[in-house]
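The structure appears right after this line, and notes come after that.
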Amino acid sequence: MPNFARLQIAFKNVYVRILTAVMLGVLTGWAIYKADIPQDPSPVVYSQNISEITQLAAEKDRLDYLIVAKPLSDSPRYIYKFKDAPQLHVVKVPSTSHLSLEREVLLKNAIPYSIAKDEYLASHKAVMQDEGEGFGADTVDFLKRHALDLTVLLVILYAMKFGIPGMGMSSQLITPDKLKGSLDDLIGMEDIKQEVLHLEDMIRNRELYKEHNIDKPFNVMLTGPAGTGKTKLVGYLAKRLDIPLIQASGSALESGYVGGGSKALNALYRKASGKGRCIIFLDEAQSLFMPRGRSEKKWEDDTANTLLGLLDGVKSDKGQGVIWVVASNFDDASTEMDEAMLRRFSVKINFRLPNKAERKELLRSFLSRKKEGLVDWNDLDLDQVAEITQNLSPALLETVVERASMISIQEKTIINTDLLFRAYERATIGLTDRATTAEKLKQRERIAVHELGHFFMQIDPFLRAGMSLAEVKEKSHLLKISTEAVSKIGALGYVLQSGEDMSLRTLEELERDVIGLYGGVAAEELFYGARGISVGSQNDIEKITKMLNLMVGRLSMYSRAKIDYSQLQNDASGEHTLRQVEEKSDELYNYTLNAIRDYEEVIVSIKDTLLDQYVLSKDAVFDLLEQHKDALMAGLSAANSAPRHANLKLCAEEAAVA
């Protein structure tokens, strides 16, 4: 097998490409020359007079030969020549007349004739042309016969001039006057703004930094979750510095051709250098930061190697004003990256998701852009909306506001808290459908039991700590319980709740999360038995498994030896992790199953209301709990006196302290 990789590398040399093009041109010309067959120089007399054929019977003795060309076509041609004349006579006849002429003239008078062969027609092309066609017909015929040869030649010439399609990358040059927005549009994020202002000062005052022997370019790396404003920030920076911006996608460098990414990067650099001071922005460039040398195919690192050379700066004035800015959704803390590549970036700015106060200001900013009268500010609790939109990026928050506008237009209503809540639900969960479960009473009953199990195990620690229902409601993150189907997540029901602005979670908090997830399957076992548990718990169990693997295998929370077992590549560590995960899962599930028994009577009471109304809001659920407060307290009182709930008391005490 030929080594195509080496062939592609060789074709990076311009002289190799020129030599190959010349050779192909010579071969193409030779093929064209050999394909041309010498033509008969005899003059041709054209006619459409059928009587000339009938007169051949009287001049049969003078006839040298008679040939019928294309007898099955729409216009057969009779070609004849007399012995005492140099010219060829061509008579074009209709296909309807050919059979009559053949039968009544040729056969009846015994005039010898033959059918024209391809060899004859190739050397007598003129006989198949109409009078006056001449050079144009020859040209068309030539193009038809050599279409493939000419196409190959044109492709080669195009590749020499513009390169092979796919080896380049599309880039957009944006001048400062075309850039919109400003740094003030970045709501909150004061820490990130300060980083950008510091970067601006570094670029403006290069001479000052040279005094400190900092002479290399200030290459910038932006990392953080998608939708946090990395791309916009680059535009703001270019506008403040009043320099053009060249924007390109890092993924476009993966052209599939050896040397394609290197060629594209060099082209970008030349384009930027020609502008003097310029920013090159590579978006989605995480693939360039992967460690090199992972593959035996060394050419796979060509693009990264080229970027390394360009980032380090050429010791000349040519690229002195070029600033490279790359953006990635990953950073070196979450993904292994090439050390040499990271060292090239003297400035790293890490974006984060907005906190509650910043989400509130973002929502206010997005809503204030709408015309007056479209938003009911008196019926708008942005604190509540900011609370339920925890972990959403600015881009997703804008999507929620846009979805609220769509609902407002469709229903001809004004945007308020309830509408924003529905928009959040539509943007994050998707469409809900009652028809899917409307006629399936048994399934809906199981769904109601399952979702109520989740809810009660989420508030269980607070109830066991002796809190009042008002206090529990304040601490609960519940938004609604629904038995409507959600096609996006493949669920027949769900519990919607707001999150917490927490970046660090303790062992107790993680265990409470696991218990809350186990609440659904435990409720099913309580009402339908161990063999009555449905597959609806699949998603819960998948989440639980990941959490327990994190707690046991990676964080070693239940062991004095604080090590990451996942990094120990041996069977013993895997068996140890599996055994501990199984033990902890069994312990937490038994805890959940025992705890859910204390709410059996209340679940039965609330279940009927949920089945009737399909959806219960947080207020509706706690109103029902107030109505069944006696049964709720009775179950908890019995639990506190029973020896089987010793572990439940301990968990409740931990929740009260938290």
* **Candidate pair Q194 and L197, rule side-chain contact (heavy atoms from CB on, under 4.5 Å), full reasoning** => CA-CA 5 Å; Q194 290 302 317; L197 293 174; 4.2 Å; yes
* Taking it one step at a time, do S617 and D619 satisfy side chain to side chain donor-acceptor pair (under 3.5 Å)? -> CA-CA 5 Å; S617 65; D619 292 337; 5.2 Å; no
* To do: Let me see the working for I414 and D379 under side-chain contact (heavy atoms from CB on, under 4.5 Å), right down to the final yes or no.
  => CA-CA 10 Å; I414 299 177; D379 189 18; over 6 Å; no
* Run the numbers on F366 and L362 for side-chain contact (heavy atoms from CB on, under 4.5 Å), then give the verdict. => CA-CA 6 Å; F366 296 144; L362 282 165; 4.1 Å; yes
* Asked: Under the side chain to side chain donor-acceptor pair (under 3.5 Å) criterion, do K618 and S476 qualify, and how do the steps go?
  -> CA-CA 9 Å; K618 181 178 182 177; S476 173; 4.8 Å; no
* side-chain contact (heavy atoms from CB on, under 4.5 Å) between T231 and Q247: does it pass, once the steps are laid out? -> CA-CA 10 Å; T231 302; Q247 183 176 358; 3.9 Å; yes
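Considering only heavy atoms from C-beta on, L173 comes within 4.5 Å of K275 through its side chain. In this structure, the side chains of T228 and L353 come closer than 4.5 Å at one or more pairs of heavy atoms. At a threshold of 4.5 Å between non-hydrogen side-chain atoms, the residues Q390 and H477 do not count as touching. Between M406 and R426, every side-chain heavy-atom pair lies at or beyond the 4.5 Å cut-off. Annotation: side chain of S365 is in contact with side chain of R369 (closest heavy-atom distance under 4.5 Å). No side-chain heavy atom of Q384 sits less than 4.5 Å from a side-chain heavy atom of L420. For the pair V472/F622, a side-chain contact is recorded, criterion being any heavy-atom separation below 4.5 Å from C-beta on. Considering only heavy atoms from C-beta on, E200 stays 4.5 Å or farther from V196 through its side chain.
The distance from the CZ atom of F281 to the CG atom of L222 is 6.5 Å, given to the nearest 0.5 Å. Taken from CE in M221 to CD1 in I349, the straight-line distance is 11.5 Å, to the nearest 0.5 Å. Rounding to the nearest 0.5 Å gives a distance of 4.5 Å between CD of E542 and CD of Q538. With values rounded to the nearest 0.5 angstrom, E387 atom CD is found 8.5 Å from R359 atom CZ. A distance of 9.5 Å separates NZ in K584 from CG in L548, rounded to the nearest 0.5 Å. With rounding to the nearest 0.5 Å, the separation of CG in L245 from OH in Y236 is 13.0 Å.
Listed for the E358 side chain is a donor-acceptor partner under 3.5 Å among the backbone atoms of N355. Checked by atom type and distance alone, the side chain of Y518 never pairs as donor or acceptor with a backbone atom of L588 at under 3.5 Å. Under the 3.5 Å distance criterion, the side-chain polar atoms of K230 are matched with a main-chain donor or acceptor of P225. The backbone N or O of L396 sits less than 3.5 Å from a side-chain atom of S393, completing a donor-acceptor pair. Side chain of T545 to backbone of I541: a donor-acceptor contact under 3.5 angstrom is found. No side-chain donor-acceptor contact under 3.5 Å links T223 to the backbone of N329. With hydrogens and angles disregarded, no donor-acceptor distance shorter than 3.5 Å links the side chain of S559 to the backbone of S556.
Counted within 6.0 Å of NZ on K370, heavy atoms from surrounding residues, nucleotides or ligands total more than 12; the atom is thus considered enclosed. The 12-atom threshold is exceeded at CZ of R204, counting heavy atoms of other residues, nucleotides or ligands nearer than 6.0 Å. Within 6.0 Å of NZ on K546 lie no more than 12 heavy atoms contributed by other residues, nucleotides or ligands. Heavy atoms of other residues, nucleotides or ligands lying less than 6.0 angstrom from CD of E474 number 12 at most.
Taking both residues in full, the closest heavy atoms of S482 and V615 are given as OG-CG2, 3.7 Å, listed atom of the first, atom of the second, then distance. Across all their heavy atoms, T577 and G553 have their closest contact at CG2-CA, 3.7 Å. The shortest non-hydrogen separation linking P354 to L397 is CG-CD1, 4.4 Å. For the residue pair L380 and N416, the shortest heavy atom distance occurs at CD1-C, 3.6 Å. Considering every non-hydrogen atom in both L179 and K239, the closest pair reads O-NZ, 3.3 Å. The shortest heavy-atom contact between L478 and I481 is CD1-CG1, 3.8 Å.
Under the side-chain contact (heavy atoms from CB on, under 4.5 Å) test applied with I279, the options V220, I174, I243 reduce to a single match, I243.
Ion pairing between a basic and an acidic side chain is recognised when a charged N comes within 4.0 Å of a carboxylate O; E190 and K193 show such pairing.
Ring geometry for W324 versus Y269: interplanar angle under 30°, hence parallel rather than tilted (30 to 60°).
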